[in-house]
Amino acid sequence: MSFAAARAFQGARPGYVFTTRDEGTGYYAERSTKRKRDEKDDHELEKKTNHHRQEGGPSSSLELEPEPLESEKSKKSKSIEALLKEADDVEVEELDAVSAKRLLLHLEKKLTLNQRQRVKFGDDPSKFVDSEVDLDDAVKALSLLAAAPELYGVVVSCGGAKTLANLLEHENTDVAASACSLLYDLTDDDETATDDVRTLAEAFVDNEGLALLGDVAERLDESSDLEARALHDLCGVVEHLADLGVLRTTQLPRVVNFLTKRVATPAFDSNKLYASEVLAILSTTTTSTTTASSPSEEEDGG
């Protein structure tokens with residue numbers, strides 16, 4: 001029985017409460033017991049949910065927060081990828097500091113995108129071949145700066161010398177070959193801007209560029225016309241660095257070792273001739289450097 005009429009309070013009855021409701025005044029079955037039990041259950045559920053949140057575990061199945069959070073994370077990742085892909089071709093109407101920075105940024109974006117895709121799709125070259133072609137085009141585009149050596153300081157300040165050195169380490173020898181050709185153009189001093197060219201050359205060597213040239217030389221396959229030409233350009237870069245006086249003796253062994261082996265090959269061709277000439281230049285340059293430093297060393301010793 002849920003209700004017992006009573007005009008006045010007749011004492012406590014277990015499970016009932018004396019009050020006036022829809023059916024009148026009397027004893028009503030107490031509903032607060034069920035309500036308290038429900039409230040207790042809700043409280044326990046909330047405690048468990050909060051505990052899971054604090055521990056980093058999954059929350060209640062009723063909670064829909066994880067899915068939107070994962071969606072946000074996915075959107076963020078896609079947005080980064082989209083930004084990298086938006087490295088559109090750069091049209092240069094006039095060479096100045098701004099266009100030099102744009103060309104360099106364009107190259108670095110293409111390099112970053114290619115590296116990301118190589119890591120992600122390492123077992124499937126077809127997935128990153130397009131980014132490799134774009135990177136190669138960006139390397140060649142930077143050769144425009146060879147016509148404005150006064151901007152080399154901008155290139156160096158923006159980290160361009162390190163980027164040039166990094167390109168020599170690229171897994172694709174076509175990209176490394178294009179980098180050799182680019183370096184040949186950038187370091188070719190016509191004696192009208194020697195200081196500017198030397199600034200770039202020094203920064204390049206400071207980033208282990210000379211040693212990396214030796215590594216690239218070992219990788220080039222001269223049966224390919226492209227890579228044979230790249231070796232010729234590489235020898236030219238070493239010659240330019242020697243002429244500019246920026247050689248580092250600690251980096252020379254790799255280059256000298258390769259040139260010595262190349263000169264020792266039986267067949268004679270233009271690359272063998274150039275390699276022998278550069279080897280002679282290096283020998284003369286390093287000897288002159290040693291001789292020039294001897295008097296001061298003797299004076300210090302005396």
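Note that the structure is predicted; figures quoted are calculated from it, not measured.
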- request: In plain terms, say whether D134 and K109 are close enough for a salt bridge, that is, a side-chain N and a carboxylate O under 4.0 Å apart.
  value: no
query: Hey, mind stepping through R118 and E132 against salt bridge (charged side-chain N to carboxylate O under 4.0 Å, His left out) and telling me if it holds?
result: CA-CA 9 Å; R118 270 187 164 271; E132 216 123 287; 2.8 Å; yes
message: Under 3.5 Å, is there a donor on one side chain and an acceptor on the other for S99 and E94?
response: no
message: Nearest 0.5 angstrom please: L279 CG to R262 CZ, how far?
response: 12.5 Å
- request: Indicate yes or no for a side-chain donor-acceptor contact from Y184 to the backbone of A179 under 3.5 Å, with no hydrogens or angles considered.
  value: no
query: Could you give the distance from OG1 (T163) to CG (L168), rounded to the nearest 0.5 Å?
result: 11.5 Å
message: Strictly distance-based, threshold 3.5 Å: is any side-chain N or O of N271 a donor or acceptor partner for the main-chain N or O of L231?
response: no
query: Do any N or O atoms from the side chain of E227 and from the backbone of D221 form a donor-acceptor pair under 3.5 angstrom?
result: yes
query: Using 4.0 Å as the upper bound for N to carboxylate O, is an ion pair formed by K140 and D137?
result: no
Shortest non-hydrogen separation from V246 to A201 and the atoms involved: CG2-CB, 4.0 Å
statement: Rounded to the nearest 0.5 Å, the CG atom of L183 sits from the OG atom of S143 at a distance of 11.5 Å
query: Can we say R248 and D206 salt-bridge, meaning some charged N sits less than 4.0 Å from an Asp/Glu carboxylate O?
result: yes
- line: Distance col, row L234:CG vs L259:CG, nearest 0.5 angstrom, shows 8.0 Å
- prompt: Are V133 and V139 grouped together when hydrophobic residues (ILVMFWY) are joined by side-chain heavy atoms under 4.5 angstrom apart?
  reply: no
message: Please tell me whether V263 and I281 are part of a single hydrophobic cluster in this structure, the criterion being side-chain heavy atoms less than 4.5 Å apart.
response: no
message: Taking ring pair (Phe, Tyr, Trp, His ring centres under 6.0 Å) as the definition, give me every residue that meets it alongside F258, ordered by chain and number, with sequence neighbours left out.
response: none
task: I would like to know whether L113 and Q117 meet side chain to side chain contact (heavy atoms under 4.5 Å, CB included); could you show each step before the answer?
output: CA-CA 6 Å; L113 176 60; Q117 291 188 347; 3.8 Å; yes
message: Please give me the minimum heavy-atom distance between L226 and A177, naming the atom from each residue.
response: CG-CB, 4.4 Å
task: Of all the heavy-atom pairs spanning K101 and C158, show the shortest one and how long it is.
output: CG-SG, 3.9 Å
message: A side-chain contact here means heavy atoms from C-beta on lying under 4.5 Å apart; do L142 and L145 qualify?
response: yes
message: Under 4.0 Å between a side-chain nitrogen and a carboxylate oxygen: does that hold for E218 and K261?
response: yes
task: Start with the C-alpha gap between V237 and D188, add the side-chain angles, then the distance that decides, and say whether side chain to side chain contact (heavy atoms under 4.5 Å, CB included) holds.
output: CA-CA 8 Å; V237 175; D188 189 12; over 6 Å; no
- request: Supply the atom-to-atom distance R198 CZ to T187 OG1, rounded to the nearest 0.5 angstrom.
  value: 12.5 Å
- line: When D136, N114, V216 are each screened for side-chain contact (heavy atoms from CB on, under 4.5 Å) with H170, the one that passes is N114
- request: Using modelled atom types only, decide if a donor and an acceptor are shared between the side chain of N207 and the backbone of G209 within a distance under 3.5 Å.
  value: no
query: Quick one: NE2 on H240 to CG on D185, what's the gap to the nearest 0.5 Å?
result: 9.0 Å
- prompt: What are the two closest heavy atoms between A165 and L212, and how far apart are they?
  reply: O-CD1, 3.4 Å
field: Residue pair A141 / L103: nearest heavy atoms and the distance that separates them
entry: O-CD2, 4.2 Å
message: I'd like to know if the side chain of Q251 and the backbone of L210 have a donor-acceptor N/O pair within less than 3.5 Å.
response: yes
- request: With sequence neighbours excluded, tell me which residues meet ring pair (Phe, Tyr, Trp, His ring centres under 6.0 Å) with F128.
  value: none
query: Does R229 come within less than 4.0 Å of D233, counting only side-chain N to carboxylate O?
result: yes
- line: C180 and A230 have their tightest heavy-atom pair at CB-O, 3.9 Å
task: Carefully, step by step, assess V155 and T199 under the rule side chain to side chain contact (heavy atoms under 4.5 Å, CB included).
output: CA-CA 10 Å; V155 174; T199 296; over 6 Å; no
- request: Please examine the side chains of V205 and L247, heavy atoms only from C-beta on, and report whether any two atoms are closer than 4.5 Å.
  value: no
D225 atom CG, over 12 foreign heavy atoms within 6.0 Å: no
